[in-house]
Amino acid sequence: MNLYETFTARMRDRGDADFITTREGRRYRYSDARSATARLAGALIELGVAPGDRVAVQVEKSPEAILLYLACLRVGGIYLPLNTGYTADEIRYFLSDAEPALFVCRPTALDEAREVARETGCPAVETLGTDADGSLMDTAERATPHEAIEPREDDDLAAILYTSGTTGRSKGAMLTHRNLGSNAETLKEAWRFTAEDRLIHALPIFHTHGLFVGCNVTLMAGSSMLFLPRFDADVIFEEMPHGTVLMGVPTFYTRLVQDERLTPETTANMRLFVSGSAPLTAETHQAFQARTGHAILERYGMTETNMNLSNPYDGERRAGTVGMPLPGVEYRITDRETHESVPRGEIGMLEIRGPNVFIGYWRMPEKTREELLDDGFFVTGDLAMVDEKGYVHIVGRDKDLVISGGYNVYPKEVEQVIDELEGVVESAVIGVPHPDFGEGVTAVVVPEPDAELSERQVLGHLQDRLAKYKQPKRVFFADSLPRNTMGKVQKNELRKRYQDAYR
Ligand code: MCA
Ligand code: AMP
């Protein structure tokens with residue numbers, strides 16, 4: 001069934017209750033959201049979006065962006081959100097790979113977007129601003145509202161989210177109506193979401209966490225969301241007395257615990273703090289609890305799978321663990337070669353199976369076969385172990401990946417761009433402890449003997465080529481990179497060498 005159909009039932013039930021509000025006084029009640037999605041659906045159809053077509057969207061956070069996502073589901077389109085930090089170079093790849101029927105961009109980026117669309121053969125470009133403005137909204141205003149909901153099968157695609165690949169090429173994770181619907185329903189139950197909840201929504205809406213975990217769960221429960229453009233501790237403290245739930249990446253919580261306003265009183269109205277997308281340290285978990293009495297609920301997910309494991313709502317939320325499988329989700333911890341389960345307590349590869357697991361990478365059958373096994377288990381690339389109480393610990397990564405402030409950065413992609421720079425022999429990009437972002441993207445560059453390369457030059461070269469969050473916070477120079485006997489760069493060695501770079 002079309003996921004939008006499930007959401008409609010909740011929208012109808014909730015009538016004039018708030019769905020999304022902003023601090024600037026914008027307000028979409030559930031009834032408003034229904035009619036707005038009908039108008040946006042009418043616009044999409046007028047713009048040539050047919051069932052199965054991709055709609056690529058790179059816009060700032062706004063309630064209308066969520067309505068566009070819903071409208072896209074409604075017409076049977078495939079929503080393809082893109083990080084606002086991506087540069088034109090990065091967007092060119094996504095559009096050429098996904099071949100969307102429509103690209104919705106920021107009003108300020110129209111010229112650039114048109115150019116990229118022309119180069120990649122994307123037939124239509126529209127704009128969407130943060131004040132319910134832009135050409136898409138104008139078209140929606142004029143369009144005949146489209147009240148129907150396009151029938152969809154469970155395995156039809158609802159969204160494609162790109163996640164960077166270890167070889168440098170981003171992979172489009174294909175998520176179905178069933179994937180998103182089942183996970184939202186599960187999380188609503190597991191985290192006890194109800195119509196009384198008000199989510200303080202401070203995450204971006206182009207990734208799984210802010211888009212599906214935040215918005216789909218809200219829709220499933222008929223709750224409301226306060227939409228904030230970004231995380232700002234001052235605003236969070238002002239809003240906690242009026243909110244009930246906060247979902248964040250660990251950086252939210254490390255910033256909050258450093259703030260003297262964090263007390264039992266300022267968090268008294270809140271019933272739940274959720275953390276995910278990167279490891280929350282046990283120290284932050286414990287400090288937060290000591291200061292507020294609230295145990296942060298840590299959960300584990302991936303773009304390819306939505307949420308898999310979660311600490312319990314009732315019962316002990318164990319610091320430094322991601323809890324147990326959500327209902328309907330199976331996991332196993334295996335030997336990475338044989339995929340046989342390792343004995344309890346030992347470290348192995350975490351594999352996941354369930355209705356939440358995606359159906360493959362867009363137009364990459366081989367990559368799909370490597371990671372999605374015949375028996376339905378998905379190989380996460382995360383190393384895990386289960387403790388004596390059944391709580392899963394994520395102890396490391398088998399994949400070469402840095403997570404900075406909840407954003408994934410694949411070293412290979414950054415290294416490739418650095419290596420293009422004249423005077424560079426080779427480079428290695430690593431993540432080392434960073435007090436704010438958890439891991440700081442760090443480059444180690446080997447220059448040619450006579451080259452006079454500076455940190456500034458390297459960073460300048462990356463400026464327009466990579467999104468800001470992928471750019472190294474520091475660049476170090478070395479005469480050579482440590483390698484093992486197989487010739488592979490020993491990143492562990494480098495991580496050790498530069499472990500104090502941000503301390
Ligand atoms: C901003 N900057 C960053 C990051 N964010 N650099 C590295 N990593 C980042 N994450 C840059 C800014 O451009 C700026 O550069 C400088 O760092 C300081 O910015 P600041 O004002 O401190 O940043 P902010 O706006 O406060 O943002 C930090 C943030 C944000 C709140 C942690 O990055 C964020 O909202 N992250 C959430 C990411 C997320 O939603 N991940 C979910 C992925 P300059 O000063 O030079 O301009 S979904 C997922 O992973 C799975 C499915 C899951 O399990 O959830
Ligand atoms: P993404 O590809 O952006 O969806 O990021 C997924 C990755 O984030 C996972 O494979 C993990 O490495 C990491 N991740 C998500 N949640 C957690 C968590 N609670 N603890 C540790 N790592 C996490």
Side-chain angles (χ1 to χ4, degrees), residues 61 81 83-85 161-166 170-171 173 175 183 187 201-214 228-236 247-256 274-282 284-285 296-311 317 319-323 349-352 356 358 371 378-384 392-410 414 431 434-442 459 462-463 466-474 502:
K61 185 173 178 180
N83 192 318
T84 46
L161 266 65
Y162 276 88
T163 105
S164 298
T166 36
S170 286
K171 303 168 289 186
L175 295 155
N183 210 238
L187 293 176
H201 193 304
L203 287 161
I205 51 168
F206 39 71
H207 285 311
T208 296
H209 198 165
L211 181 60
F212 301 140
V213 186
L228 302 173
R230 52 182 288 274
F231 176 85
D232 175 337
D234 293 342
V235 175
I236 300 290
M247 292 181 186
V249 295
T251 301
F252 283 23
Y253 296 107
T254 49
R255 289 183 183 181
L256 291 176
V274 179
S275 178
S277 308
L280 179 76
T281 63
T284 305
H285 184 285
I296 297 171
L297 185 153
E298 186 172 8
R299 56 53 175 187
Y300 163 86
M302 282 188 79
T303 301
E304 288 90 336
T305 62
N306 285 271
M307 301 303 104
N308 302 304
L309 303 158
S310 171
N311 270 278
R317 300 179 193 161
T321 82
V322 293
M349 174 68 78
L350 180 62
E351 298 183 0
I352 300 288
N356 53 316
F358 78 142
E371 297 181 27
F378 171 67
V379 184
T380 64
D382 289 306
L383 299 174
V392 176
H393 300 233
I394 306 293
V395 297
R397 293 179 206 129
D398 189 52
K399 50 194 172 190
D400 192 14
L401 162 70
V402 180
I403 305 184
S404 167
Y407 286 134
N408 287 9
V409 181
Y410 279 86
V414 185
H434 188 285
D436 191 30
F437 294 124
E439 292 178 277
V441 177
T442 306
L459 293 176
L462 301 179
Q463 195 64 35
L466 291 176
K468 179 89 204 176
Y469 70 90
K470 297 181 191 171
Q471 296 172 22
K473 298 283 176 215
R474 289 296 315 270
Y502 305 101

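Order of appearance sets the numbers: ligands from 1, and atoms from 1 within every ligand.
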Kindly state if atom 32 (C) of ligand 1 has a protein heavy atom within a strict 4.0 Å cut-off, that is, under 4.0 Å?
-> yes
Nearest protein heavy atom to atom 1 (P) of ligand 2, by residue and atom, and its distance?
-> Asn408 ND2, 3.1 Å
Using non-hydrogen atoms of the residue, decide whether Pro204 is closer than 4.0 angstrom to ligand 1.
-> yes
Sub-4.0 Å atoms of ligand 2 with respect to non-hydrogen atoms of Thr303 | 1 (P), 2 (O), 3 (O), 4 (O)
At under 4.0 Å between heavy atoms, what of Phe252 touches ligand 1? The answer is side chain
Run down the list Gly210, Ser404, Ala173, Gly301 and name the one with the heavy atom closest to atom 9 (C) of ligand 1.
-> Ser404
Backbone, side chain, both or neither: what part of Glu298 comes under 4.0 angstrom of ligand 2, heavy atoms only?
-> side chain
If we number the atoms of ligand 2 from 1 as shown, the ones under 4.0 Å from a heavy atom of Met302 are 4 (O), 6 (C), 9 (C), 10 (O)
If you measure from each heavy atom of Lys470 to ligand 1, is any distance below 4.0 Å?
-> no
Met247 contact mode with ligand 1 (heavy-atom cut-off under 4.0 Å) = neither
Min N/O separation Tyr407 to ligand 1 under 3.5 Å = no
Tell me: protein heavy atom nearest atom 16 (N) of ligand 2, and distance?
-> Ser277 N, 3.2 Å
Measure the distance from atom 17 (C) of ligand 2 to every protein heavy atom, then report the residue, atom name and distance (to 0.1 Å) of the closest one.
-> Ala278 N, 3.7 Å
Proximal ligand 1 atoms for Leu203, defined as those under 4.0 Å from one of its heavy atoms = 40 (O)
Polar-atom distance check: Arg299 versus ligand 2, any N or O pair below 3.5 Å?
-> yes
Nearest non-hydrogen protein atom, atom 13 (C) of ligand 2 | Ile403 CD1, 3.4 Å
If we only count N/O pairs under 3.5 Å, is Ser275 in contact with ligand 2?
-> no
So, for atom 45 (O) of ligand 1, does the protein have a heavy atom nearer than 4.0 Å?
-> no
How does His393 reach ligand 2, by side chain, by backbone, by both or by neither, if only non-hydrogen atoms under 4.0 Å count?
-> neither
Which of the atoms of ligand 1 are close to Arg230, meaning less than 4.0 Å from one of its heavy atoms?
-> 21 (O), 24 (P), 25 (O), 26 (O)
Nearest protein heavy atom to atom 21 (C) of ligand 2, by residue and atom, and its distance?
-> Pro279 N, 3.4 Å
When you look for heavy atoms under 4.0 Å from ligand 1, do you find them on the side chain of Lys468, its backbone, both, or neither?
-> side chain
Hey, is Lys473 touching ligand 1 through its side chain, its backbone, both or neither, going by heavy atoms under 4.0 Å?
-> side chain
Atom of Val402, atom of Arg397 and distance for their closest heavy-atom approach | CA-NH1, 4.1 Å
Atom 11 (C) of ligand 2: the protein heavy-atom neighbour that sits closest, reported with distance to 0.1 Å | Asp382 OD2, 3.2 Å
Sub-4.0 Å protein heavy atom near atom 29 (C) of ligand 1 | no
Arg255 near ligand 1, heavy-atom distance under 4.0 Å?
-> yes
